[in-house]
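Just so it is clear, the values below take in all heavy atoms, side chains as well, and ignore hydrogens, waters and symmetry mates. Here is how names work: the chains are called A, B, and so on, in the same order as the sequence lines, proteins then strands, and each is numbered from 1.
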There are 2 protein chains.
Amino acid sequence: MAAFSDERIARILKSRGLKVTPQRLAVAQAFTKLNHPTAEEIFRFLEKEHPYIGLATIYRTLKLFIKTGLVKELSFPNIGTRYDINLEPHINVVCVKCGAIEDVENEEINKIMRRFANDGYEIVGCRFEVSIYCDDCKARRLKRSRRR
Amino acid sequence: MAAFSDERIARILKSRGLKVTPQRLAVAQAFTKLNHPTAEEIFRFLEKEHPYIGLATIYRTLKLFIKTGLVKELSFPNIGTRYDINLEPHINVVCVKCGAIEDVENEEINKIMRRFANDGYEIVGCRFEVSIYCDDCKARRLKRSRRR
DNA sequence: GTTGCTGCAAATAATTTGCACTCTC
DNA sequence: GAGAGTGCAAATTATTTGCAGCAAC
């Protein structure tokens, strides 16, 4: 998984005149361990080592990271809002049941983005996603239907 | 724009043992006039001719339509949750400023979906999206920056 | 006639904001 | 030391739910 080093985050924040705080570094570090987490997941993850961080700060920091171009926000029905540090165009394979997300590289996606850029669009971001039932949830569903 | 005839909606609802109500037909009809609307937009649109419909019913009907496979739900940061009647794989070109959404057909997308199907995924849905500033918002932004 | 459907209002969930205090620069 | 950043609690927004009455089949 891609990761944020404290040095990199500090450099980026400073270069924008923003302050480097333990909270901001902690949120960045959370992405090293968590996969497409929700704000709540980051909060619970950081509670252990940084019990002082408030949920509001997590939200504020995430908004800041989005504006700074460090993460991107993915809103979903049912499984909430997730944050992604993979900014390269890629496909999110999302299990609609459990919310597990897997990143898949894809050459077609790159082709599409190149075409849009050539067409003169002012591109701000992109999101490509295929919703599925993951193997685990498929198995669980099968078991449940047998039980009836 | 694709549309829902009363007959088609009635047929689908009946075939699933669901009741055909004026509210459900009205929500379906709203999609004939509105482009990727929010629940609120549908509500305000229907107020004129169907002042009796409650917002809760709009939400319930939309959830029902999603389950029935008539529409799909697209959650966005900033511009809220939109509902789309175009279920074919396509690209949503979304203005991050004003929320205008344009559908674009794309052959690469079809290729991607075929590949996933061949790979044995149990596909539930998909979503492909390029975020941009639309021409109107670009122009407005330019004017504002000149004003400074 | 029986249920499912609806409207309304209240409940819930997710996110944002105001404010006093704290820490980075 | 100044001002940005934070924690907490309250506010806001979007959506869901309980319940009594109404309407589709």
Side-chain angles (χ1 to χ4, degrees), chain A residues 6-7 9-30 36-44 46-47 49-68 70-83 99, chain B residues 6-7 9-30 36-44 46-47 49-68 70-83 99:
Chain A
D6 284 0
E7 292 70 31
I9 299 298
R11 183 161 27 84
I12 293 172
L13 290 174
K14 276 181 193 158
S15 76
R16 309 221 173 198
L18 298 164
K19 290 186 177 167
V20 179
T21 67
Q23 289 88 341
R24 287 173 180 176
L25 293 174
V27 171
Q29 282 319 303
H36 302 86
T38 62
E40 189 69 32
E41 278 165 6
I42 294 171
F43 179 64
R44 285 203 304 270
L46 293 179
E47 265 182 334
E49 303 192 35
H50 307 269
Y52 54 88
I53 299 187
L55 186 52
T57 298
I58 308 278
Y59 276 109
R60 278 186 289 227
T61 303
L62 287 169
K63 287 290 177 223
L64 183 81
F65 283 4
I66 289 163
K67 222 172 24 181
T68 313
L70 289 168
V71 305
K72 93 184 167 188
E73 191 175 6
L74 303 173
S75 325
F76 294 93
N78 310 319
I79 63 166
T81 300
R82 310 307 198 85
Y83 297 87
Chain B
D6 283 0
E7 292 70 31
I9 300 297
R11 182 160 28 84
I12 293 171
L13 290 174
K14 275 180 194 158
S15 76
R16 308 223 173 195
L18 298 164
K19 289 186 178 168
V20 179
T21 67
Q23 289 88 339
R24 287 173 179 177
L25 294 176
V27 171
Q29 283 319 303
H36 304 85
T38 62
E40 188 71 32
E41 277 165 6
I42 295 173
F43 179 63
R44 284 203 304 271
L46 292 179
E47 265 182 333
E49 304 192 34
H50 307 269
Y52 54 88
I53 300 186
L55 186 52
T57 299
I58 308 278
Y59 276 109
R60 277 186 289 228
T61 304
L62 288 168
K63 288 288 177 222
L64 183 81
F65 283 3
I66 289 164
K67 220 170 28 179
T68 313
L70 289 168
V71 304
K72 92 183 166 187
E73 192 174 5
L74 304 173
S75 323
F76 294 93
N78 310 318
I79 62 166
T81 300
R82 311 306 199 84
Y83 297 87

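- Inter-residue side-chain proximity for L25(A) and V20(A) is flagged as met; some heavy-atom pair is nearer than 4.5 Å.
- Judged by closest nucleotide on DNA chain D, I53(A) is the one of T81(B) and I53(A) placed further toward the 5' end.
- Without hydrogens or angle criteria, R24(A) side chain to K19(A) main chain gives a donor-acceptor distance under 3.5 Å.
- Looking at the side chain of Q23(B), the nearest of the listed nucleotides dG7(C), dT16(C), dT6(D) is dG7(C).
- The interatomic distance linking E73(B) (CD) with dA14(D) (P) rounds to 14 Å, in whole Å.
- Between the CG atom of L70(A) and the OH atom of Y83(A) there is a distance of 14.0 Å, given to the nearest 0.5 Å.
- Between the P atom of dA14(D) and the CZ atom of F43(B) lies a distance of 13 Å, rounded to the nearest Å.
- Residue I58(A) contributes atom CD1, which lies 12 Å from atom P of dC8(D) at whole-angstrom precision.
- We find that CG of L64(A) is positioned 13 Å from P of dT16(C), with the value rounded to whole Å.
- Distance CG (L55(A)) to C1' (dC8(D)): 11 Å, rounded to an integer number of Å.
- Separation of atoms CD1 (I53(A)) and OG1 (T21(A)) is listed at 8.0 Å; rounding is to 0.5 Å.
- For the residue pair A39(A) and L55(A), the shortest heavy atom distance occurs at O-CD1, 4.2 Å.
- In this structure, the CD1 atom of I79(B) is 15 Å from the C1' atom of dA14(D), given to the nearest Å.
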Can you check each nucleotide of nucleotides 18-25 of chain C against protein heavy atoms at under 4.0 Å and return B for base, S for sugar-phosphate only, - for none, in 5' to 3' order?
B-----BS
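- Here dA4(D) presents its P atom at 12 Å from NZ of K67(A), a figure rounded to the nearest Å.
- Residues E73(A) and T81(A) form a side-chain contact, since some pair of their non-hydrogen atoms from C-beta on lies under 4.5 Å apart.
- Between E40(B) and G54(A), the one whose closest nucleotide on DNA chain D sits nearer the 5' end is G54(A).
- Here Y59(B) reaches the OP1 or OP2 of dT15(D): one of its side-chain N or O atoms lies under 4.0 Å away.
- The distance from atom CG of L13(A) to atom P of dT6(D) is 10 Å, rounded to the nearest whole Å.
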For a salt bridge (charged side-chain N to carboxylate O under 4.0 Å, His left out) check, start with the C-alpha distance between R11(A) and E7(A), then their side-chain angles and the critical distance, and finish with the verdict.
CA-CA 6 Å; R11(A) 183 161 27 84; E7(A) 292 70 31; over 6 Å; no
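- Distances shorter than 4.0 Å separate none of the side-chain N or O atoms of R24(B) from OP1 or OP2 on dA24(D).
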